[in-house]
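Below is one structure, written out as C-alpha cells; the observations come after it.
Any value given below was found using the heavy atoms of this structure, including those in side chains, with hydrogens, waters and symmetry copies removed. Positions are given from 1, in the same order as the sequence printed here.
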Amino acid sequence: PFFLWTSFIKPHPPFESPSPWNKLYRAADMMPPSRPEGFEALLSYWNKYQNRYKYRDKGYDEMLFRTIKTMYYASISFIDYNVGRMLDALGDERDNTLIVYTSDHGEMLGDYGSVGKRTMLNPAVKIPMLVQWDKGFESNQHVDTPVSLLDLFPTFAGVADVDHAMPSSEGQDLRKIASGEIDREFVYSQFSEKETGLYMIASRDYKYIYSTADRTEWLFDLKKDPDETKNWAGNPRYIHILDR
C-alpha cells in the first residue's frame, strides 16, 4: 500500500554534521588511509583528475585525512540515527515492510592517496546493501553473490506483485539471488564514456577494470588480495582469467 524513498545527501563533502554527532569521533583514533606500496600504478585518469581539482595532489597530510574521516563517520552516524527514527515510526508495520539500505557510491577518504568517488576501486564502488523483510529474506544471512543498484527495481516490483518491463536484463529480484535461485557471476559498472570511459566487471573472486584515457587494464584477485593492492593483469599466471 505504500512506497517510501528517502535520500540523504550526506555523507558528502563538506562533511559537516550537527551537534552532538560532530563530536562523536576523534582524528587521533582514526586509522590512517591505506596507501599500499606502488599504489600510484593503480590510479586511473579520473583519480588524478579528482585529486587535482580538490587540491589533494600536493602530498599527504595524515592528520587532515584522519580529520576528514572523523567527519565522514559523524555524517553516517547522523544518518543512522534518522533511519532509526523512521523504523520506529513504522511501529507494528515494520515486520510487514521491505526495508533496503544502500548508497550510490563510496568515498576514497585518502585511500590510494585519493579523494572522491570516480574510480572502480573498492572504497568507492563497494557500497552497503542491507535488506530486512522476514517474508522474503532469511535473517542474519550474508550473500556474497555480486549485486548492483540495477537489482532494486525488479525487487520492488516483484514484492509489489506488479508486471514490469525492466529496461535492462541485468537487474534481478534480490530475493531470488539471496535464496540461490539465481547464481549471478558478474556485475558491471561504467563511469563516463568514449575517450574518458572507465569500465568494470566484477565477480566474487576477481575484478577487471579498463580505463580508456589511460589505455590501461587492471585485474585484481579478490581472494588473494581483497584490499586490491596489486595489479595482476600483466602476470602470465592470470592470462586465462584476463582473457575471459
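- Each of Leu219 and Met200 belongs to its own hydrophobic cluster when Ile, Leu, Val, Met, Phe, Trp and Tyr are linked at side-chain heavy-atom distances under 4.5 angstrom.
- Counting heavy atoms from C-beta outward, Asp134 and Ser139 have side chains that approach closer than 4.5 Å.
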What's the verdict on side chain to side chain contact (heavy atoms under 4.5 Å, CB included) for Asn22 and Met71, showing C-alpha distance, side-chain angles and the deciding distance? CA-CA 7 Å; Asn22 61 349; Met71 305 314 294; 3.9 Å; yes
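- Ionic pairing of Asp151 and Arg175 is not present here: no N-O contact between side-chain nitrogen and carboxylate oxygen is shorter than 4.0 angstrom.
- Every residue meeting the side chain to side chain contact (heavy atoms under 4.5 Å, CB included) condition with Pro32, not counting sequence neighbours, appears here in chain and number order: Glu62, Arg66.
- Within the 4.5 Å cutoff, side-chain heavy atoms of Asp144 are placed close to those of His142.
- In the hydrophobic clustering of this structure, Phe2 groups with Ile99; members are Ile, Leu, Val, Met, Phe, Trp, Tyr whose side-chain heavy atoms approach within less than 4.5 Å, directly or through other members.
- In this structure a side-chain-to-backbone donor-acceptor pair under 3.5 Å is present from Gln141 to Ala178.
- The same ILVMFWY cluster, assembled from side-chain heavy atoms under 4.5 Å apart, contains both Leu87 and Leu130.
- In this structure, Phe8 and Val83 have side chains that are in contact, with non-hydrogen atoms separated by less than 4.5 Å.
- Taking the ring pair (Phe, Tyr, Trp, His ring centres under 6.0 Å) definition, one finds that Tyr206 meets it with nothing, sequence neighbours left out.
- When atom types are taken as modelled, the side chain of Lys10 and the backbone of His12 share a donor-acceptor pair closer than 3.5 angstrom.
- Asn51 approaches Val115 most closely through the heavy-atom pair OD1-N, 3.0 Å.
- The cluster map of Ile, Leu, Val, Met, Phe, Trp and Tyr, joined by side-chain heavy atoms under 4.5 Å apart, puts Val125 and Leu222 in the same cluster.
- Both cation-pi conditions hold for Arg35 and Tyr60: the charged atom is under 6.0 angstrom from the six-membered ring centre and inside a 45 degree cone around its axis.
- Defined by atom type and a distance below 3.5 Å, a donor-acceptor pair is present between the side-chain atoms of Asn96 and Lys135.
- With respect to the salt-bridge test (charged N to carboxylate O, under 4.0 angstrom), the residues Arg244 and Glu185 qualify.
- In this structure, the side chain of Glu107 engages the main chain of Gly116 through a donor-acceptor pair within 3.5 Å.
- Tyr199 pairs by the ring pair (Phe, Tyr, Trp, His ring centres under 6.0 Å) definition with nothing, not counting sequence neighbours.
- Asp183 has a carboxylate O that lies under 4.0 Å from a charged side-chain N of Arg204, or vice versa, which qualifies the two as a salt bridge.
- Residue pairs meeting the ring pair (Phe, Tyr, Trp, His ring centres under 6.0 Å) criterion with at least one member in residues 174-193, sequence neighbours excluded: Trp46-Phe191.
- In this structure a side-chain-to-backbone donor-acceptor pair under 3.5 Å is present from Thr102 to Pro128.
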Please lay out, stage by stage, how Tyr210 and Arg215 fare under the test side chain to side chain contact (heavy atoms under 4.5 Å, CB included). CA-CA 7 Å; Tyr210 180 74; Arg215 297 185 179 181; 4.2 Å; yes
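- Clustering of Ile, Leu, Val, Met, Phe, Trp and Tyr by side-chain heavy atoms under 4.5 Å joins Trp5 with Phe3, Leu98, Val100, Ile127, Met129, Val131, Trp133, Phe137, Val143, Val147, Leu149, Leu152, Phe156, Val159, Leu174, Ile177, Ile182.
- Centroid-to-centroid, the aromatic rings of Tyr72 and Phe15 come within less than 6.0 Å.
- Both Leu242 and Trp232 belong to a common hydrophobic cluster when Ile, Leu, Val, Met, Phe, Trp and Tyr are linked at side-chain heavy-atom distances under 4.5 angstrom.
- Ion pairing between a basic and an acidic side chain is recognised when a charged N comes within 4.0 Å of a carboxylate O; Glu228 and Lys207 show such pairing.
- Side-chain atoms of Ser75 do not come within 3.5 Å of backbone N or O of Pro11 as any donor-acceptor pair.
- Atoms CG and CZ, on Asn47 and Arg56 in that order, are 15.0 Å from each other to the nearest 0.5 Å.
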Verify side chain to side chain contact (heavy atoms under 4.5 Å, CB included) between Ser114 and Leu43, making sure each step is shown before the conclusion. CA-CA 9 Å; Ser114 298; Leu43 302 182; 3.5 Å; yes
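- Between the side chain of Thr229 and the main chain of Asp225, no donor-acceptor pair closer than 3.5 Å is present.
- Note that the CG atom of Asn82 and the OG atom of Ser77 stand 11.5 Å from one another [nearest 0.5 Å].
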Does the pair Ser44 and Leu198 meet the rule for a side chain to side chain contact (heavy atoms under 4.5 Å, CB included), with working shown? CA-CA 9 Å; Ser44 74; Leu198 182 65; 4.3 Å; yes
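- Within the 3.5 Å criterion, the main-chain N or O of Asp214 finds a donor-acceptor partner in the side chain of Thr216.
- No salt bridge links Lys223 with Asp221; every basic N to acidic carboxylate O contact stays at or beyond 4.0 Å.
- Between the side chains of Thr196 and Tyr49, no donor-acceptor pair of N or O atoms lies under 3.5 Å.
- Sequence neighbours left out, the pairs with a member in residues 76-110 that pass ring pair (Phe, Tyr, Trp, His ring centres under 6.0 Å) are Trp21-Phe78, Trp21-Tyr81.
- Put simply, the side chain of Ser203 does not reach to within 4.5 Å of the side chain of Tyr208, judged on heavy atoms.
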